[in-house]
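Worksheet: the structure to be examined is printed underneath.
Everything quoted here is computed from the prediction, not taken from an experiment. Order of appearance sets the numbers: ligands from 1, and atoms from 1 within every ligand.
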Amino acid sequence: MKTFYATEQKRHDPKAFLSSGAAQPNPEQPERVERLLAGARAAGSSIERPANYGLSPIAAVHSPEYLEFLENIYTRWQRIEGASAEVIPNIHPIARNGSYPASAVGQAGYHMADTACPISAETFDSACWSAWSAVAATESVLAGQSAAYALCRPPGHHAFSDVAGGFCFINNSAVAAQHLLKSARRVAVLDVDLHHGNGTQGIFYNRADVLTVSLHADPVRFYPFFWGHADERGEGPGLGYNFNLPLPRKSGDAAFLAALDTAISRIRSFAPDALVVALGLDAFEGDPFGGLSVSTAGFARIASAIAKLGLPSVIVQEGGYLCDALGDNLTSFLTGFGETAR
Ligand SMILES: [Zn+2]
């Protein structure tokens, strides 16, 4: 299976992060890329650079107002006397149906869900290349490959159509799903990250042509808190096309695989033409976020169960943070997927 990645994706190097209000180093480090590249190579994958596909595949799932904000906010922020080095919001609208502010501070609050997605000079460009890696992997699958892996970093699944959040700016999985619809009639997105894929859910919440399914730690006591509950089923024409499977923390391989069976059965009933796997590796037992206690060998079993669907698949990197086994977990997933899909 091919891997798609561009070196520009490493330039985004966020510093700020608050954990329970306390300043901590930001866990979404460029070093993740090196571990993931090593993991992909160990699985026998060749690394290819994506083309620059321009804004059009990104603008297919993000609003023009938001993309203009992402591109220009850093420069505007630097003109504010005494402002922080990175763009970090300090005020949010309670509801987002009021006026759109003209000020940089107001717009930061409007377009950023939390403080975990600081924007620097390099962020927009890095995020575009990350999305283009997803587009390149999708193009490879549209051209007939059974699967491709997009090493997307920064990740994407917490980004809504016009909101950044949780280390995410452009929703790479949503970009891939929308791009697959060039030839597919129906696409499923299966999110196996530790955290609920709230941005992806939000982007497709009113639609019946993209089924969104997410397995994750129960948000009743875990990020992203306000989304990811089992009763969120979609809206309007999308009612019944969103499926959340919250799991207790530390539930382990067996519980994860049992929930995955339920997810896969829902995907089979939807009968999609193609699949996007939002691959977070932070469900791992040794991940700094505490995880769902999935083992390294467990990722191969998860991959194998997904590959048995037999669908053309774009695998998009989401979370998974610095720990000794990060690369091994990717190797385990890609190997498990490749062996079953073969
Ligand atoms: Zn995550």
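Residues satisfying the ring pair (Phe, Tyr, Trp, His ring centres under 6.0 Å) test with F17, not counting sequence neighbours, are F167.
Proximity of the aromatic rings of Y100 and Y110 is defined here by a centroid distance below 6.0 angstrom, and this criterion is met.
Minimum-distance N/O/S atom of H195 relative to the Zn ion (ligand 1): ND1.
Ring pair H195/H158 is perpendicular by interplanar angle, where above 60° counts as perpendicular and below 30° as parallel.
For D282 atom OD2 and D193 atom OD1, the angle they make at the Zn ion (ligand 1) is roughly 110°, to 10 degrees.
Put simply, H157 stays out of reach of the Zn ion (ligand 1), with no N, O or S atom under 2.8 Å from it.
Connectivity analysis of hydrophobic side chains (ILVMFWY, heavy atoms under 4.5 Å, direct or indirect) links F160 to V163, Y223, F225, F226, W227.
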